[in-house]
Each structure stands twice: as C-alpha cells, then as structure tokens.
Amino acid sequence: MSLFITFEGGEGAGKSLQSRALYRRLSKLAVPVVLTHEPGVTPLGRKITRWLKWGDGMAVSPMAELMLFNASRAQLIEEVIRPELANGKVVICDRYTDSTIAYQSYGRRLDLDMVKAVNEAAAQGVVPDLTILLDIAAGDGFSRKQGQKPDRFEREAADFHRRVRDGYLKLAEKEPKRWLVVDAGQSKERIRQIIWEKVSSLLKA
Ligand code: TMP
C-alpha cells in the first residue's frame, strides 16, 4: 500500500533524525519504504541546493528561490516520488511543498496564492497523505544547531524564522486531517512514539 509521508519544521526541529528513525522502523518490519529529502537528492537538486544554501554573495530573489525549489521538486517527483508510490511503497520525504509555503510565502512574503499555484504546478497532483510538523520555537532550534556553519536560510533574522513557524501552524490548523503537529521540545523517544502511533494506524487502515 503506497503512502506519502512528509516531515516539516523550522531549523533544528529534528526532522532528519525522526524521518530516519521512521524509515528504519518500517524497514525492520519489511514494509517497502523509501526515504528522500528536499531539496537535493537528484543531480539537478544537488546543484540547486548548493546555489540556494551556500551561494554566498550570489543574489537570489525570493521569486527565483520559489522557482528553484520547485524545479528541484519537479525533478524529485519525476525520478523518485511518483515511481516509488506507483510501486506501492511508503515514501518519506524530509520537506516538501509546505516548506515552500512556510519559507517563501510566510518567510519571504511572496503572495500565498501564487506560491500555492507554483507548488501545485510542480507537484502535479502528488499530495502527502500525512504531514508531520515538528514544531519548535525559532530560538530553540538554533541552539540545537550551534557549532555548525549557518547556511543562507539559517542566517536570516529571528523574525523570518518566527514567520516560518507561524506559517506552519496556520497550515496545520487549516488541514488538521493531513497534519500531525508534534511538540519538538519533547524527548526524541516520545516523539518517535507519537509518530509511530499515527503511521501504524494509517498502515492498518
Ligand atoms: P534543510 O533540509 O537542511 O533544512 O535545508 C533546506 C533549507 O531550505 C531550509 O532552510 C529550508 C529551506 N527551504 C525553503 O526555503 N523552501 C523549500 O521549498 C524547501 C524545500 C526548503
């Protein structure tokens, strides 16, 4: 049974750790599963990620950012997400279209309807069955990332990251059936358990 699960959240929320944990658990149970992430898994996506995260000094407008994230997404859908879902697999994706709404619309203040329209064009109907938001206050996430060199997004002002978080919470509120909001301040084990309860109930359904 195919299932498309996405992880979302601000910087340092623990998405990568939790998405890997879910992947391992499903693999151990012999559930066919694929773990991927945005941006930067396909050869095109890797180049785009380098420009967007580390293109120090290179100007990238919010509109260019929107298009580049969606170009990377369109390629990932074509190469990985759609074929794996068609093969009946569970596909876990660390970030997806909601990241673009949170960061490029709420964060960069691009028009919400326009961002949604561009996302929809790139996603071509591939919509998550479940989106897990690891919710964390902006400052808390950064303290977890101390010691790592900050990329273009991590260097944004605290207000940008507060808008991103508010954006995520608004999205989750509008579509409570699709979203599972988890307080990322809890222990890793507790978060893993909450996520597993939800995913296993979907797999049984
Ligand atoms: P991360 O995967 O290490 O979190 O890095 C990806 C960065 O790119 C992160 O700061 C969020 C940002 N981003 C956007 O701004 N828009 C998007 O659509 C995506 C997928 C990521």
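We count ligands from 1, going down the list as the structure has it; atoms in each ligand are counted the same way.
The atoms of ligand 1 that sit less than 4.0 Å from any heavy atom of Arg73 are 18 (O), 20 (C). Ligand-side atoms of ligand 1 in range of Lys53: 1 (P), 3 (O), 5 (O), range being under 4.0 angstrom from any heavy atom. Atoms of ligand 1 found under 4.0 Å from any heavy atom of Glu11 (numbered from 1 in listed order, with element): 9 (C), 10 (O).
Without hydrogens or angle criteria, Asp111 side chain to Met114 main chain gives a donor-acceptor distance under 3.5 Å. Using modelled atom types, one side-chain atom of Arg155 and one backbone atom of Pro150 make a donor-acceptor pair closer than 3.5 Å.
Residue pairs meeting the ring pair (Phe, Tyr, Trp, His ring centres under 6.0 Å) criterion with at least one partner in residues 31-54, sequence neighbours excluded, are absent.
Taking only nitrogen or oxygen atoms, main chain and side chain alike, Asp151 does not reach within less than 3.5 Å of ligand 1.
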Show me the side-chain donor-acceptor pairs of residues 169-177 shorter than 3.5 Å, one per line, residues at least two apart or across chains.
residue	atom	partner	partner atom	Å
Glu175	OE1	Arg178	NE	3.4
Glu175	OE1	Arg178	NH2	2.9
Glu175	OE2	Arg178	NE	3.2

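The proximity of Gln104 to ligand 1, defined as any non-hydrogen pair under 4.0 Å, is limited to the side chain. When non-hydrogen atoms are compared, ligand 1 lies under 4.0 Å from neither the backbone nor the side chain of Glu65.
In this model, no donor atom of one side chain and acceptor atom of the other lie less than 3.5 Å apart for Arg192 and Ser187.
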